[in-house]
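What follows is a short report on a single structure.
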Amino acid sequence: MTDLSQIVKAYDVRGVVPDQWDETLAELFGAAFVEVTGADAIVIGHDMRPSSPGLSRAFGRGAAARGADVTEIGLCSTDELYYASGALGLPGAMFTASHNPARYNGIKMCRAGAAPVGQDTGLADIRALAERWTADGAPQPAAGPGTVTRRDVLKDYAAHLRSLVDLSGIRPLKVVVDAGNGMGGHTVPTVFEGLPLELDALYFELDGSFPNHEANPLDPKNITDLQARVRETGADIGLAFDGDADRCFVVDENGDPVSPSAITALVAARELAKHPGGTIIHNCITSWSVPEVVKENAGTPVRTRVGHSFIKQEMARTGAIFGGEHSAHYYFRDFWNADTGMLAALHVLAALGGQDGPLSRLVSQYDRYAASGEINSTVDDQAGRLAAIRAAYEGRDGITLDDLDGLTVTAPDWWFNVRPSNTEPLLRLNAEARDAATVDRVRDEALAIIRG
């Protein structure tokens, strides 16, 4: 295979193993990664998928053959790899396909300090080298190969996270955690160790075949077990992590999901208490409540496109202290601008445990509007449908349009955003309003145009 366009995505490598990529290709990716970054040392980690250890070792062989010293941290979450990249000052590679099914695997790469590697920041060059070497033969090894050593950073990662949140005053809490047989089962016990938490562990066994449910908490069907357990046991809170444990989803004591926008607003308020006057990043489909809460806490909200590369660019450009997305990715300046669901979870536990009321009451101040959730529609002509929406709303009294990411239509009491998928013939709709009846009306009106 000399055309890697099917597996080299905008931000990472991802595809079916061994059909689309294998250890031979992973070795070439390792060599190309060193060539493009100019690194003389790198750090590598992997998740619990059956193919991950072999792919990770192959990448390390390719990197070492180009003269780079390789530190293997073994089983880890993606944010633990980012920790290692930041703390050790090394470029890094994480072998995971996140929430994708078991037959997939992938590589998330970063430069030293967890700075992302995407299409415009090295990934296209890595792909080009791997394609050339696949066609013409592997590169000659360096004069002196690099070393390969093992290092366990789990306890250091946990200690760093806990140094960023004051957990000293929290009351005892009963916490249900659904790890989805993913890497949360590896990291949660160490991060939570010694805290006044009664941990009820669901699916902590590391199993890359995902025998209980997909490790994708964004899909409501994958948190039903968590919701049921919270209700059955009278727990204070439920947490669900995705496969590589970089995203965290929250349910309250009633088993009801807490929107990631409400979590973003809650954490933003806490970070602004530590860093008065700071900047908070939020994408264009988070709730109106996020910039409202930021301003109420004397911060500066900055709105961006959807996607971690845009968030991280704005974090770096503005010196922002925190950023959040509707997809439950949470970014912290104190964590090298990288995303870590675990740190967001610690903030929620500290906020809940620092007062006497239930989580539902605590988050109600941050959850102020009715929302549609993301609704996907398959369309033949994305541009044509967007143009039809523009034509339907342009010039109406009190309505503004903007093109930051897709098309956002805003009225005094509601807004909606429609943006095209980069990889599928889909348009994604998100709508919000001051009440449920209005959001239903706005949603249905927009879908009628989108679906023709």
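We use all heavy atoms of the structure for the numbers below, so side chains are in, but hydrogens, waters and symmetry mates are not.
By the 4.0 Å N-to-carboxylate-O rule, Asp79 lies too far from Arg247 to be salt-bridged with it. Using a 4.0 Å cut-off between charged nitrogen and carboxylate oxygen, Arg419 and Glu374 count as a salt-bridge pair.
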Requested in this report: I would like to know whether Phe335 and Tyr82 meet side-chain contact (heavy atoms from CB on, under 4.5 Å); could you show each step before the answer?
Outcome: CA-CA 8 Å; Phe335 200 76; Tyr82 292 152; 4.0 Å; yes

Requested in this report: May I have the step-by-step check of side-chain contact (heavy atoms from CB on, under 4.5 Å) for Asn283 and Phe310, ending in yes or no?
Outcome: CA-CA 9 Å; Asn283 73 30; Phe310 303 112; over 6 Å; no

Query raised in the report: Do Cys110 and Leu81 pass the side-chain contact (heavy atoms from CB on, under 4.5 Å) test, and can you show the C-alpha distance, the side-chain angles, and the key distance before you say yes or no?
Result: CA-CA 9 Å; Cys110 61; Leu81 185 279; 4.2 Å; yes

Requested in this report: Please assess Tyr11 against Leu123 for the test side-chain contact (heavy atoms from CB on, under 4.5 Å), listing each intermediate value before the final yes or no.
Outcome: CA-CA 8 Å; Tyr11 312 122; Leu123 193 53; 5.8 Å; no

Requested in this report: Mind running ring pair (Phe, Tyr, Trp, His ring centres under 6.0 Å) on His347 and Phe332 for me, showing each step along the way?
Outcome: CA-CA 12 Å; His347 271 287; Phe332 295 82; 5.7 Å; yes

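To the nearest 0.5 Å, the span separating CH2 on Trp415 from OG1 on Thr408 amounts to 7.0 Å. Here Ile73 contributes atom CD1 and Glu80 contributes atom CD; the two are 5.0 Å apart, rounded to the nearest 0.5 Å. Within the model, atoms CG of Leu154 and NE2 of His186 stand 4.5 Å from one another, a figure rounded to the nearest 0.5 Å. Rounding to the nearest 0.5 angstrom, the gap separating the CE atom in Met342 from the SG atom in Cys248 is 7.5 Å. Rounding to the nearest 0.5 Å gives a distance of 9.0 Å between CZ of Phe95 and CZ of Phe29. The CZ atom of Arg14 lies 10.5 Å from the CH2 atom of Trp21; values are rounded to the nearest 0.5 Å.
Using modelled atom types and a 3.5 Å distance limit, the side chains of Glu325 and Tyr331 yield a donor-acceptor pair. In summary, the side chains of Asp405 and Asn417 do not present any donor paired with an acceptor at a separation below 3.5 Å, with no hydrogens or angles considered. Side-chain contact, Ser287 with Glu432: a donor N or O sits under 3.5 Å from an acceptor N or O. Of the N and O atoms on the side chains of His329 and Asp339, at least one donor lies less than 3.5 Å from an acceptor on the other residue.
At distances below 3.5 Å, not a single donor-acceptor pair connects side-chain atoms of Glu35 with backbone N or O atoms of Ala31. A donor-acceptor contact shorter than 3.5 Å is absent between the side chain of Asp242 and the backbone of Asn216. With Lys221 contributing its side chain and Glu214 its backbone, the two residues share no donor-acceptor pair below 3.5 Å. Of the possible polar contacts, one joining the Asp69 side chain to the Thr147 backbone as a donor-acceptor pair under 3.5 Å is found. The main-chain N or O of Thr187 is never found under 3.5 Å from a side-chain atom of Thr190 such that the two would form a donor-acceptor pair. A donor-acceptor distance shorter than 3.5 angstrom exists from the side chain of Asp22 to the backbone of Leu25, with no hydrogens or angles considered. With hydrogens and angles ignored, the 3.5 Å screen pairs a side-chain donor or acceptor of Arg66 with a backbone N or O of Gln140. With Asn222 contributing its side chain and Ala215 its backbone, the two residues share no donor-acceptor pair below 3.5 Å. One N or O on the side chain of Asp3 and one on the backbone of Ser5 form a donor-acceptor pair closer than 3.5 Å. Panel note: side chain Asn297, backbone Val293; a donor-acceptor pair is recorded below 3.5 Å.
A tilted orientation is assigned to the rings of His160 and Tyr83, their planes being inclined by 30° to 60°. Ring planes of Phe33 and Phe59: tilted class, angle from 30 to 60°.
Under a cut-off of 6.0 angstrom, the local environment of CG in Asp381 is crowded, with over 12 non-hydrogen atoms contributed by other residues, nucleotides or ligands. Within 6.0 Å of atom NZ in Lys155, 12 or fewer heavy atoms from other residues, nucleotides or ligands are found, so the atom counts as exposed in its surroundings. More than 12 heavy atoms of other residues, nucleotides or ligands shown are found within 6.0 angstrom of CG on Asp219. Atom CZ of Arg428 sits in a crowded spot, with more than 12 heavy atoms from other residues, nucleotides or ligands closer than 6.0 Å.
Nearest heavy-atom pair, Val290 versus Ser261, reported as atom, atom and distance to 0.1 Å: CG2-O, 3.4 Å. Between Met315 and Gly323, the shortest heavy-atom distance links the atoms SD-N, 3.8 Å. Taking each heavy atom of Asp244 and Lys108 in turn, the nearest pair found is OD2-NZ, 2.8 Å. Listed here is the closest heavy atom pair of Leu173 and Leu349: CD1-O, 3.9 Å. Pairing each heavy atom of Gly406 with each of Pro420, the nearest pair is CA-CD, 4.1 Å. Minimum heavy-atom separation, Ile170 to Ala350: CG2-CA, 3.7 Å.
Residue pairs meeting the side chain to side chain donor-acceptor pair (under 3.5 Å) criterion with at least one partner in residues 38-53, sequence neighbours excluded, are Asp47-Arg49, Asp47-Ser52, Asp47-Thr96, Ser51-Asn105, Ser52-Asn105.
The side-chain heavy atoms of Leu447 and Ser377, taken from C-beta on, include a pair separated by under 4.5 Å. Lys274 is listed as a side-chain neighbour of Asp334, based on a closest heavy-atom distance under 4.5 Å. Here the side chains of Trp133 and Pro139 are in contact, with some heavy-atom distance below 4.5 Å. Side chains of Asp236 and Lys174 form a contact here, defined as non-hydrogen atoms less than 4.5 Å apart. Between Val165 and Arg270 the shortest side-chain heavy-atom distance falls below 4.5 Å. Looking at heavy atoms from C-beta onward, Arg303 lies out of side-chain contact with Pro291 at the 4.5 angstrom threshold. Using a 4.5 Å heavy-atom cutoff, the side chains of Ile42 and Thr71 are not in contact. Side-chain contact between Val251 and Val176: absent, with no pair of heavy atoms (C-beta onward) separated by less than 4.5 Å.
Applying the salt bridge (Lys or Arg N to Asp or Glu O under 4.0 Å) test to Arg61 and every residue at least two apart in sequence or in another chain returns Glu27.
Here Tyr203 and His213 bring their ring centres to under 6.0 angstrom of each other.
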